[in-house]
Amino acid sequence: MADRYANFANSGVGRAVVKRLGLPDPPRLRRYRAGDPLTTGPVLLGAAPGGRLADPVRKQLESTGIEVTETGTEGTRHGALIFDATGIADSTQLRSLFDFFHPYARSLHSSGRVIVLGTQPELTTGPREATAQRSLEGLTRSIGKEFGRGVTAQLVYVAPGGENGVESTLRFLLSGRSAYVSGQVIRIGTASAPAPADWEKPLAGKLALVTGAARGIGASIAGILARDGAEVIALDVPGAGDALADVANKAKGRALQLDLTAEDSPARLAGYLAAGPHGGVDIVVHNAGITRDKTIARMDESRWDSVIGVNLTAPERVNDVLLEQGLIKRGGRIVGVASIAGIAGNRGQTNYATSKAGVIGLVQSTAPALAERGITFNAVAPGFIETAMTAKMPIGLREAGRRLNSMSQGGLPVDVAETIAWFASPGSAAITGNVVRVCGQSLLGA
Ligand code: NAD
């Protein structure tokens, strides 16, 4: 559904009205197009004394052709500000953050990027360092709310020893692929993360299964994974017929009609994958989902059961069968689709929020054991995304969903799809157990 307000606010007359009345001002976000450079200008890279990431990050950035400077000059416009805060071991040293960001806060291009690198508090050497590292979250979340103009800000915690596993994340966060991701905390571990042979086709040779692929976010996921080189199996209910075939054709993949809630569906899916030429699957995206909204007092039991069944029990059952039968290959990726409703709760959505909080629980409870098999399991938690699902919302709620975030607009299905493609990349082997919101830094549950 078209966001008429955003179109108006970006028109000549609209810009003046919005400014004069102090109305929300949705910027045009920079989204990825093939061939675009990763950043819109040079990266200013700073570090607190003793930081362990500035050197490897500089090398990784320079190998991508990005210009990196370590001393800003007045008047230079930057594509990104990156600060290595891993050297901060005490609250008194937090001052180095102010010293870096204060003079350059206004130096970013529109849709510029802020990335702060730190150490997971639980992996530090003592309470003082853990406290200082935990503080970084407040800084990045506030910068995300202050800078405006489509600038995003993230905190990336990198485990000691994980210094070489950051490139896929830097590429994602710097580029237009992360246009609607802001205020997030990403945790990178130590698993070895081989760089893909070709960063433009990181999924070449991989087979990906996308559930709920006939429309909306799922259709976009199928398209983006195919763009990145994967062969795609697009799965949806038999009723989705033509739309599903269309998505599969566009992705040059295969369509699979299956109602995931049917008792025998996980076994049938396993049989289909086992019999295929690939003998299994590399990437599984549990995107199929439904809403059946009512307050809990008015809800009948079928609304409760169907939402939990599609959104949570089906991914659990599919995972169990595919993992038991060894059909998710070593180096595999599982991605769940949660929702900010599962983090913040939502009136009229007890069933949906329960199921989506459950998706987060599924990731967190399963990821550690899967790491031993070289499989990662992460989730995206979309906020307000422009799809058929959100077009059905009452207008008041819809407008609130669109404006109550740092971008003052809804996200697009492609924003969720790009985030999933980053998780799916071979270069993201050290990222597991993460839940990353694709919500433009929505105020809900923040
Ligand atoms: P959508 O309704 O447009 O698409 C969902 C797809 O899932 C449909 O094609 C549907 O046929 C399929 N599906 C439903 N039940 C199924 C079943 N039993 N077996 C197989 N397929 C089934 O929804 P969307 O907006 O594209 O949402 C996709 C995912 O993102 C969902 O999990 C949703 O909860 C989540 N999400 C969406 C938003 C948003 O703003 N749109 C926000 C947060 C989370």
Side-chain angles (χ1 to χ4, degrees), residues 1 3 180 209-224 233-248 255-266 268-269 284-293 303 305-318 335-346 349 351-360 362 379-393 397-398 400-402 404-405 409-417 419-420 435-440 442 444-445:
M1 170 174 278
D3 182 346
Y180 202 61
L209 169 74
V210 182
T211 72
R215 64 179 204 185
I217 294 172
S220 186
I221 299 167
I224 293 294
I233 300 171
L235 180 152
D236 212 297
V237 290
D242 287 351
L244 181 65
D246 200 37
V247 170
L256 179 60
Q257 299 188 0
L258 210 57
D259 178 344
L260 287 166
T261 56
E263 195 53 38
D264 62 347
S265 284
R268 283 177 56 196
L269 174 61
V284 177
V285 184
H286 295 293
N287 164 76
I290 58 170
T291 50
R292 297 286 182 271
D293 297 356
R303 282 175 191 258
D305 291 344
S306 56
V307 169
I308 302 289
V310 175
N311 298 2
L312 183 57
T313 310
E316 287 181 312
R317 294 178 63 223
V318 167
V335 186
V337 178
S339 163
I340 58 168
I343 295 169
N346 210 8
Q349 291 199 314
N351 51 357
Y352 184 73
T354 302
S355 72
K356 294 300 188 180
V359 169
I360 295 171
L362 182 60
V380 289
F384 184 98
I385 306 295
E386 303 281 356
T387 66
M389 194 183 256
T390 46
K392 281 191 310 201
M393 288 167 78
L397 271 181
R398 193 166 66 229
R402 277 181 175 147
L404 292 180
N405 60 71
Q409 60 196 288
L412 301 180
V414 70
D415 299 323
V416 181
T419 308
I420 290 173
V435 177
V436 171
R437 297 166 52 135
V438 185
C439 66
S442 166
L444 299 179

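Whatever order the structure lists ligands and atoms in, that order sets their numbers, starting from 1. Computed from a predicted model, the values in this text were never measured in an experiment. The basis for the numbers below is simple: all heavy atoms, side chains too, and nothing from hydrogens, waters or symmetry mates.
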Tell me, do Arg317 and Glu263 make a side-chain contact under 4.5 Å, heavy atoms counted?
-> yes

Residue pair Arg292 / Ser306: nearest heavy atoms and the distance that separates them = CG-OG, 3.8 Å

Closest approach of any protein heavy atom to atom 42 (C) of ligand 1, naming residue and atom = Gly383 O, 3.1 Å

Looking only at heavy atoms, what is the nearest atom pair of Ile385 and Leu412, with distance?
-> CG2-C, 3.6 Å

Contact check, Ala219 vs ligand 1, heavy-atom distance below 4.0 Å = no

Among all protein heavy atoms, pick out the one at the shortest distance from atom 36 (N) of ligand 1; state its residue, atom name and that distance to 0.1 Å.
-> Tyr352 OH, 3.5 Å

Short N/O distance, under 3.5 Å, between Ala388 and ligand 1?
-> no

Heavy-atom distances under 4.0 Å are what count here, so tell me which part of Glu386 touches ligand 1: side chain, backbone, both or neither.
-> neither

Any idea which of Gly289, Ala234, Ala262 brings a heavy atom closest to atom 5 (C) of ligand 1?
-> Gly289

Check ligand 1 against Ala288 and write out every atom of the ligand that is under 4.0 Å from a heavy-atom position of the residue.
-> 7 (O), 13 (N), 21 (N), 22 (C), 32 (O)

Any sub-3.5 Å donor-acceptor pair from Ser220's side-chain atoms to Ile217's backbone N or O?
-> no

The answer for which part of Val310 has a heavy atom under 4.0 Å from ligand 1 is side chain

Report the nearest protein non-hydrogen atom to atom 31 (C) of ligand 1: residue, atom name, distance rounded to 0.1 Å.
-> Asn287 O, 3.2 Å

Go through the steps to decide whether Arg402 and Glu386 satisfy the test side-chain contact (heavy atoms from CB on, under 4.5 Å), and finish with yes or no.
-> CA-CA 9 Å; Arg402 277 181 175 147; Glu386 303 281 356; 2.7 Å; yes

Quick one: which of Pro382, Gly216, Ala391, Ala213 has a heavy atom closest to atom 43 (C) of ligand 1?
-> Pro382

So, do Val337 and Ile420 sit near enough that their side-chain heavy atoms are less than 4.5 Å apart?
-> yes

Tell me, do Val435 and Val359 make a side-chain contact under 4.5 Å, heavy atoms counted?
-> no

What distance separates Ile290 CD1 from Ile308 CD1, expressed to the nearest 0.5 Å?
-> 10.0 Å

Are any of the N/O atoms in Asn311 less than 3.5 Å from those in ligand 1?
-> no

Leu260 versus Val310: any side-chain heavy-atom pair under 4.5 Å?
-> no

Atom pair CD1 (Ile233) and CG (Leu269), whose distance is rounded to the nearest 0.5 Å = 7.5 Å

Check: Thr387 and Pro413 side chains under 4.5 Å, non-hydrogen atoms = yes

With sequence neighbours excluded, what pairs up with Arg303 under the salt bridge (Lys or Arg N to Asp or Glu O under 4.0 Å) test?
-> Asp300

Counting from 1, what ligand 1 atoms have a heavy atom of Ala338 closer than 4.0 Å?
-> 44 (C)

Heavy atoms only: which of His286, Arg215, Met389 is nearest to atom 1 (P) of ligand 1?
-> Arg215

Region of Thr387 engaging ligand 1 - heavy atom pairs below 4.0 Å | side chain

Non-hydrogen atom of Thr211 closer than 4.0 Å to ligand 1 = no

Which bit of Ile385 gets closer than 4.0 Å to ligand 1, counting heavy atoms only: side chain, backbone, both or neither?
-> both

Ranked by distance from atom 12 (C) of ligand 1, the top protein heavy atom is Asp236 OD1, 3.3 Å

Who gets closest to atom 35 (C) of ligand 1 by heavy atom: Val337, Leu244, Thr390?
-> Val337

Keeping the roles fixed (side chain from Thr291, backbone from Asp293), state whether a donor-acceptor pair exists under 3.5 Å.
-> no

of all protein heavy atoms, closest to atom 17 (C) of ligand 1 is Val237 CG1, 3.5 Å

List the closest protein heavy-atom neighbour of atom 7 (O) of ligand 1: residue, atom name, distance to the nearest 0.1 Å.
-> Gly212 CA, 3.4 Å

Is there at least one pair of N or O atoms, one from Ala240 and one from ligand 1, spaced under 3.5 Å apart?
-> no

Under a 4.5 Å cut-off applied to non-hydrogen side-chain atoms, are Leu404 and Phe384 in contact?
-> no

protein heavy-atom neighbour closest to atom 19 (N) of ligand 1 works out as Leu260 N, 3.0 Å

Do any heavy atoms of Leu258 fall under 4.0 Å from ligand 1?
-> yes

Looking at atom 27 (O) of ligand 1, what's its closest protein heavy atom, distance included?
-> Ile217 CD1, 3.9 Å

